[in-house]
Structure formats: structure tokens, C-alpha cells
Amino acid sequence: MESMDQDEGNSGDEMFMEVCDDGDVESEPAGEQIVEGASGSQSIGHETELGDRRESEQEYTMPVFENGRFRNPWKSLTRTKITNLFRFIFCSRDEGRVPKKAELDRTLPVLQPDLTEFSEAPVSGIRHMWIGHASSLVQFDGVTFLTDPIFSERCSPVQFVGIKRYRPTPCSVEELPLVDFVLISHSHYDHLDHNTVVALNQRFGISLRWYVPSGLKKWMNERGCDNVVEMTWWQENVFNENLNVKVACTPSQHWSRRTGSDENKVLWCSWCVVGPKHNFHFCGDTGYCEGHTQIGKRYGPFTLSTIPIGAYSPRHLMSNMHIDPANAVNVHHDIKSQASIGIHWGTFALTNEPYLEPKELLGTEVQNRNMKPSSFFTVKHGEILLVGSDHFDDVD
């Protein structure tokens, strides 16, 4: 029998609405209640000594929390009419642009990875494998972790209906190496998958730490996950004092929803993993906002970042929640990323752009801005790459 989230009995069409609908996002300025810090985490929003000057907490924007729901604080945010989203979802979305398997095997191959490469962390650089969509396996400075893992066939509350992946995962949960922690950016089905959470918890148990945004810990606990650290923007948690590795929750511009009644009750975020040699940034899902410059100021430069480049069309509906390749390059510069990998494409047909267009537009954007090919690029599903090492050369 196919598993299903408790209290999440939405149909596949309703699920897609929740992935793409921005919930009629408000654009009023911040000023309401600011969400408090998570238990056991260090808030870094207070005044901090940096060289000869002091930076106030106002330089690092916090999410707005009012009436039990979160709201984006960004001044650049515009309002999208929910009726236009409904029209797109039910009348305009085109999944027929994805070709048959034979063509996909040629244009978007899935490699068979040698996961023994993850048996020991690299001395230098960040080891990365793209699992698909926003899911990556990352290793550096003695830690191994996952970002928004989804190993299910569909990003849906049920596995018999909903948006189906058109590229398989390069490995299974059972084949993964030892994983230390997981980063979850928000609660949408293509980023938080019930079956994958259960499978990872069964595989690794209490030794696996879950980093989640504010409001999601209860959901994780109900799925059997006990080692959960819930955080809001600009909080830090030391994962391992001996390794000197910490995890920081950072802003994004998005929204959240899994059922008909929980819209924006869970925060959305990006993540930074800061080690003694390297820094890594996972962008999650985001529209373009002032938060990216703040992230670069606080934690940059990054040896490697994973930045979304897909699910952006049509722009008049998607720009609030999903950056396109041009804005992805802007984010790359804003956060001071030395190398970035494009994610959130080539796996699920969420929106209307042709399936290879994100990769093609990114390549054009990099070329037009006279950037090195190795500064921002895409990889194949299952491709293992060591970035930021002494031997890291330009990517074709």
C-alpha cells in the first residue's frame, strides 16, 4: 500500500497548487512580531563586533510572524493574484515538453555513482553529488550531509497520483554512505518528502540530525525523528565542536504549505554550513531578494553553493518564489560564491519552461557576463565532483 502523510490527503492537483501557489503573498513592510530563536541554537541577530565598527541587528532581516503565520519581509516583494495562479495550474501548465526516456538518456543521463568516494572526507575541497531537483549529497571538513532529499517517484502526498519524476535517483537511501545531518529548506512536497524522511530515519536513527526551519519540528517528531534542531533566520548551531563545523539558518523569499489549513505556519529558509576550511551555501527555494546580499556579507565567500535555476516560467507568476537563471547568477555574486551548481531543474516538470532551458540559459548568462565556466555550472544526476580543491579545473 502506498504511504501517505497523516492529515495530508490532498489530490495530486492540489499538491501541485501548493508547490506553485505563492499564497497571495503580502508586500507590506515588516514591523510585526519577529520569530524568536530556537531552543539550543545561538541567535546571531544581536549587535556584533566586526573590526572597528558595529553592525546592528537591523542589517540582517528577520521573518515576520503574525497571527500564527510567517510572512516575507522584503521590500522588493510584489503581490501575485491567486486567481492567475489557478488559471496557470489548471489551464496552462504543460508537462508534454519532456521527451521519452531514450531522448532523456541522451540529453540528461543519470550516472551510476561510486559512493565509496564518500567513505572519507576530502582533505581539501567540497565533494558534491547531485541526486536530482534540490537534493544533493555534500561532504567536506569531516561532515557528510543531504539537502532537501526526495527519493520518492512523485512529489506528492501519495505515490499513485501527482507530479512524477522524469529522471530517476542515481542511488537509493539504502546505498547512501553514512550521513551526519540533513538540511530542510521548507515544507513543500518537492523539498520535504514523507517517505524519504521515514526511510532516512529508519536507516540512521537518532545519529542523524535534522536541521529544519521554525514550525517544522513537530511534524518531524511525529514521523519518528528525535534529533531535530529547529531554527529561524540568522541562528547558528554547532554541529561538531571538535570538527569546528556549524550550521546557520539564513533567509530566502518563499512560502510554505502542505494542507489546506497550514499555509505559512512553517518558515522557509536557506542554509550555510561553515567549516574550518570551507563554507557551503544551500539556497533552497527563493525569489530574488535583499537577503542574498546579507548572506554574502555574513558568511561569504562560499567555496560552493547550490542555487536553483528552474521552475521559473511564467515569470509574472513565479518570480516571487523562484529565481530564473539570470537572477541565479545575481544570487551567485550577492552571496560571494566562488563556485555554484545549478539545481531545481531536470527532475520534476513543475512549470512551463522546456526541460533543458534552465541549463542552456545559465550557460548563456555565464558566457555573456564573461565568467569562468567553472564559476557556475550544472552537473549530471549522480555525478560526483570535488570543488574547491587544489586540482579543481574549469568545467566544460
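Starting from 1, each residue takes its place in the sequence as its number.
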Measuring centre to centre across the rings, with the benzene-like ring taken for any Trp, is Phe239 within less than 6.0 Å of Phe145? no
Looking at [Y], is its backbone amide N or carbonyl O close enough to the side chain of [X] to form a donor-acceptor pair, meaning the two atoms are under 3.5 Å apart?
| X | Y | result |
| --- | --- | --- |
| Arg203 | Glu174 | yes |
| Ser214 | Met231 | yes |
| Lys359 | Gly342 | no |
| His281 | Trp271 | yes |
| Gln253 | Cys289 | no |
| Ser305 | Ile307 | no |
| Thr144 | Val179 | no |
| Arg223 | Asn201 | no |
| Arg258 | Ser187 | yes |
| Glu353 | Ala311 | yes |

Which residues pass the salt bridge (Lys or Arg N to Asp or Glu O under 4.0 Å) test with Asp105, sequence neighbours left out?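 Partners of Asp105 by the salt bridge (Lys or Arg N to Asp or Glu O under 4.0 Å) criterion, ordered by chain and then number, come out as Lys101, Arg167.
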If the condition is salt bridge (Lys or Arg N to Asp or Glu O under 4.0 Å), which residues does Asp148 pass it with, not counting sequence neighbours? none
Run the side-chain contact (heavy atoms from CB on, under 4.5 Å) test on Cys155 and Leu350 for me, step by step, so that the C-alpha distance in whole Å, both residues' side-chain angles and the decisive distance to 0.1 Å come before the verdict. CA-CA 10 Å; Cys155 53; Leu350 299 177; 4.3 Å; yes
Going by atom types alone, do [X] and [Y] pair a side-chain donor with an acceptor below 3.5 Å?
| X | Y | result |
| --- | --- | --- |
| Tyr288 | Asn330 | no |
| Ser252 | Ser270 | no |
| Ser136 | His128 | yes |
| His191 | Asp285 | yes |
| Glu290 | Thr61 | no |

Within this structure, what is the [atom1]-[atom2] distance for the pair [X] and [Y], rounded to the nearest 0.5 Å?
| X | Y | atom1 | atom2 | answer |
| --- | --- | --- | --- | --- |
| Tyr166 | Thr347 | OH | OG1 | 6.0 Å |
| Gln338 | Phe376 | CD | CZ | 14.5 Å |
| Cys283 | Ile309 | SG | CD1 | 12.0 Å |
| Leu356 | Trp345 | CG | CH2 | 6.0 Å |
| Cys171 | Leu111 | SG | CG | 12.0 Å |
| His194 | Trp219 | NE2 | CH2 | 7.0 Å |

So, do [X] and [Y] sit near enough that their side-chain heavy atoms are less than 4.5 Å apart?
| X | Y | value |
| --- | --- | --- |
| Pro213 | Trp268 | no |
| Thr378 | Trp130 | no |
| Ile341 | Phe377 | yes |
| Phe282 | Ser185 | yes |
| Val266 | Leu192 | no |
| Glu59 | Gln294 | no |
| His344 | Ile323 | no |
| Ile295 | Pro251 | yes |

Which word best sums up how the rings of His254 and His188 line up, parallel for under 30°, tilted for 30 to 60°, or perpendicular for over 60°?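 Aromatic pair His254/His188 classed perpendicular.
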Take the angle between the ring planes of Phe140 and Phe280 and call it parallel below 30°, perpendicular above 60°, tilted in between.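 Rings of Phe140 and Phe280: tilted, as their planes differ by 30° to 60°.
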Contacts under 3.5 angstrom, residues 241-248 side chains, donor-acceptor by atom type, not counting sequence neighbours:
from: Lys246; atom 1: NZ; to: Glu236; atom 2: OE1; distance (Å): 3.3
from: Lys246; atom 1: NZ; to: Glu236; atom 2: OE2; distance (Å): 3.1

Could you check Asp114, Val138, Leu115, Val379 and say which one makes a side chain to side chain contact (heavy atoms under 4.5 Å, CB included) with Met129? Leu115
Report whether Val173 and Ile384 are members of the same hydrophobic cluster (ILVMFWY, side-chain heavy atoms less than 4.5 Å apart, transitive linking).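 Yes; Ile384 is reachable from Val173 via cluster members.
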Over all atoms of both residues, closest heavy-atom pair of [X] and [Y]:
| X | Y | result |
| --- | --- | --- |
| His381 | Gly132 | CD2-CA, 3.6 Å |
| Leu317 | Met321 | O-CE, 3.4 Å |
| Phe151 | Ser172 | CE2-C, 3.9 Å |
| Ile343 | Ala134 | CD1-CA, 4.0 Å |
| Met318 | Tyr312 | CB-O, 3.4 Å |
| Gly388 | Thr303 | CA-CG2, 3.8 Å |

Do other residues, nucleotides or ligands put more than 12 heavy atoms under 6.0 Å from Glu117 CD?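 Yes, enclosed.
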Within a radius of less than 6.0 Å around CD of Glu175, do more than 12 heavy atoms belonging to other residues, nucleotides or ligands occur?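 Counting neighbours around CD of Glu175, more than 12 heavy atoms of other residues, nucleotides or ligands fall under 6.0 Å, so yes.
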Stepwise side-chain contact (heavy atoms from CB on, under 4.5 Å) check, Phe348 with Ile150: CA-CA 11 Å; Phe348 297 105; Ile150 172 169; 3.9 Å; yes
Ion pair present between Glu103 and Arg106, side-chain N to carboxylate O less than 4.0 angstrom? yes
Are Ile163 and Asp190 close enough, and set up right, to give a side-chain contact (heavy atoms from CB on, under 4.5 Å), and what steps lead you there? CA-CA 9 Å; Ile163 298 174; Asp190 58 323; over 6 Å; no
Candidate pair Asp324 and Leu361, rule side-chain contact (heavy atoms from CB on, under 4.5 Å), full reasoning: CA-CA 9 Å; Asp324 60 8; Leu361 291 184; over 6 Å; no
